[in-house]
Amino acid sequence: MASHWLVKSEPETYSFEDLQKDGKTVWDGVRNFAAAGHLKAMKVGDQVLFYHSQEGKDVVGVARVAKEAFPDATDATGKFVAVELTPVRKLPRSVTLADMKATPALSDMAMLRQGRLSVSPVSDAEWATILKMAGE
DNA sequence: GCCAACGTTGGC
DNA sequence: GCCAACGTTGGC
């Protein structure tokens, strides 16, 4: 059963456009146990919302898990993992943080309840709501 | 094993 | 640029 997720990235560091240009990317550098736990739970084929933090503060695109969790090569301790993501599509309209906060159906979203979490789960209902808000 | 201090993230 | 929230680290 496929799950849905949301990952955050500062577009200045790595934007959705960068992912589309690269064709794929290794999602490493996560140094938070809760987020790492979510990375480990990802399965190939799971869909992932791509959120731009700091600049934009909006969900801009959809990506897909291409490779399940493997040791993060940038982590010397060996405690953290990375996954590989590929771009799926850019959303017709981005969905801003303000829009999500203003939507009662999304009030329980993990990313809203815990702002600093860089990788978080998205329920099927939340997923459908956000895609609809994005004009799909 | 607990708790205080510190560092980092991210929204405003 | 500031401030709040939260996770991690290190001392006891």
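So that the names make sense, note that chain A is the first sequence line, chain B the second, and so on, each numbered from 1.
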**Item:** Evaluation steps, side-chain hydrogen bond (donor to acceptor under 3.5 Å, both in side chains), between A:Thr74 and A:Arg31
**Value:** CA-CA 10 Å; A:Thr74 69; A:Arg31 296 290 182 272; 3.0 Å; yes

**Request:** Check whether any side-chain N or O of A:Gln114 sits under 4.0 Å from OP1 or OP2 of C:dG7, and answer yes or no.
**Result:** yes

**Asked** With a 4.0 Å cut-off on heavy atoms, is A:Lys79 in touch with a base, just the backbone sugar-phosphate, or nothing at all?
**Response** nothing

**Prompt:** To the nearest angstrom, how far is A:Leu112 atom CG from B:dC12 atom P?
**Reply:** 10 Å

**Message:** From CG of A:Asn32 over to P of B:dT8, roughly how many Å is that when rounded to an integer?
**Reply:** 14 Å

**Message:** With a 3.5 Å cut-off and heavy atoms only, can you find an N or O donor on one side and an acceptor on the other between the side chain of A:Arg116 and the base of B:dT8?
**Reply:** yes

**Request:** Looking only at side-chain atoms of A:Leu97, point me to the closest of B:dG10, C:dT8, B:dC12.
**Result:** B:dC12

**Complete:** Here the distance between atom P of B:dG11 and atom CG of A:Asp58, to the nearest Å, is 11 Å

**Prompt:** Nearest of B:dG10, B:dC12, C:dG7 to any side-chain atom of A:Ser118?
**Reply:** B:dG10

**Asked** Given atom CG of A:Asp75 and atom P of C:dT8, what is their separation to the nearest angstrom?
**Response** 13 Å

**Item:** Protein-nucleotide distance (A:Leu117, atom CG; C:dC6, atom C1'), rounded to Å
**Value:** 11 Å

**Item:** NZ/NE/NH1/NH2 to OD/OE distance under 4.0 Å, A:Arg64 and A:Asp46
**Value:** no

**Message:** Measure CD/A:Glu12 against P/B:dG10 and give the value in whole Å, please.
**Reply:** 13 Å

